[in-house]
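Before any comments, here is the structure.
Treat the numbers as computed from the prediction; the structure is a model and nothing was measured. Each ligand, and each atom within it, is numbered from 1 in the order the structure gives.
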Amino acid sequence: MSVDTLQPTAHDAAMSLADVREAIAAAARDAGRAPQEVTLVAVSKTVEVARIEPVLAAGQRHFGENRVQEAAAKWPDLRRVYPDVTLHLIGPLQTNKVREAVALFDVIHSVDRPKLGGALAREFERTGLRRDCFVQVNTGEEDQKSGIYPDQVDAFVAECRDGLGLPVAGLMCIPPAGENPVPHFALLAEMARRNGIDQLSMGMTADYPGAVALGATHVRVGRAIFGARD
Ligand SMILES: *Cc1c(COP(=O)(O)O)cnc(C)c1O
């Protein structure tokens with residue numbers, strides 16, 4: 001499926017969802033993995049509530065948003081109807097939004113610096129809430145991108161887990177645009193393996209089957225489900 005040909009207006013998100021699920025299952029089977037090992041996180045950033053509802057009605061329950069404010073505006077109402085939704089924060093988190101983020105999201109995919117790790121640990125302590133955390137790794141060592149550099153990952157994971165007591169469930173990456181993502185997925189998988197971490201958040205519309213082949217447990221797919229964003 002080509003993303004460029006998706007027309008947001010004519011786009012049937014529920015049908016596209018079925019296609020994505022099938023592609024995930026096929027990639028998993030090809031890799032000798034069980035399709036249920038892969039959680040599809042439907043990325044609904046910039047998508048209004050009326051266009052999210054059909055995807056919920058089709059049975060999708062994991063959703064990703066990249067902004068706390070936007071998620072806070074959209075999801076409380078949807079959750080009254082679908083209380084079993086799991087909400088994933090996939091975008092950068094400022095420490096002054098940690099309180100709101102921990103109240104709203106079930107999983108944080110973007111733990112990318114010590115200050116944020118500390119703020120999350122304090123908020124978990126204060127509220128008694130614990131949210132699965134993914135450490136975001138800047139596998140391409142890009143200046144403009146957030147994430148821990150590969151040579152710092154082992155130390156940062158140890159600091160989060162042992163120093164702060166954070167529930168580090170996984171590693172996450174966003175490979176550099178326009179590059180072959182496969183080496184980045186392989187690097188993330190290797191860093192997880194040597195740190196005893198079993199979840200990998202990797203793969204987006206352009207590359208999720210390849211991510212599944214390399215062990216992704218969470219793929220974050222937006223445009224292939226909801227159509228092109230403005
Ligand atoms: C937007 C976004 C996605 C989804 O990208 P698509 O190309 O629409 O599938 C995945 N992960 C992150 C961190 C994002 O910001």
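Considering only non-hydrogen protein atoms, atom 5 (O) of ligand 1 sits nearest to M204 CE, 3.7 Å. If you check which protein heavy atom lies closest to atom 12 (C) of ligand 1, you get I90 CD1, 3.5 Å. Protein heavy atom at the shortest distance from atom 4 (C) of ligand 1 is R220 O, 3.6 Å. Scanning the protein for heavy atoms near atom 9 (O) of ligand 1, the closest one is T205 OG1, 2.5 Å.
Using a 4.0 Å cut-off between a side-chain N of Lys or Arg and a carboxylate O of Asp or Glu, R61 and D106 do not qualify as a salt bridge. Contact check on R193 versus E190 returns a salt bridge, with a Lys/Arg side-chain nitrogen under 4.0 Å from an Asp/Glu carboxylate oxygen.
Less than 4.0 angstrom separates some heavy atom of V221 from each of these atoms of ligand 1: 9 (O). Per-residue contacts place G222 under 4.0 angstrom from the following atoms of ligand 1 (heavy atoms of the residue considered): 4 (C), 6 (P), 8 (O), 9 (O). Every atom of ligand 1 is numbered from 1 in the order shown, and the set under 4.0 Å from a heavy atom of R223 is 6 (P), 7 (O), 8 (O), 9 (O).
For F134 and H218, the ring centers sit closer than 6.0 Å to each other.
With T86 contributing its side chain and H62 its backbone, the two residues share no donor-acceptor pair below 3.5 Å.
By the 3.5 Å distance cut-off applied to N or O atoms, I174 is not counted among the residues near ligand 1. In terms of polar-atom proximity, N66 is not counted as a contact of ligand 1, lacking any N or O under 3.5 Å from an N or O of the ligand.
Here the CZ-OG1 distance, from R51 to T46, works out to 7.0 Å after rounding to the nearest 0.5 Å. Atom CD of Q94 sits about 10.5 Å away from atom CG of L116, to the nearest 0.5 Å.
By the 4.0 Å heavy-atom criterion, R229 is counted among the residues contacting ligand 1.
Using a 4.5 Å heavy-atom threshold, the side chains of R67 and K45 count as separate.
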Salt bridge (charged side-chain N to carboxylate O under 4.0 Å, His left out) assessment of E123 paired with R126
CA-CA 5 Å; E123 185 62 9; R126 192 185 71 81; 2.9 Å; yes
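Here K45 has side-chain heavy atoms under 4.0 Å from ligand 1, and that is the only part of it that gets that close.
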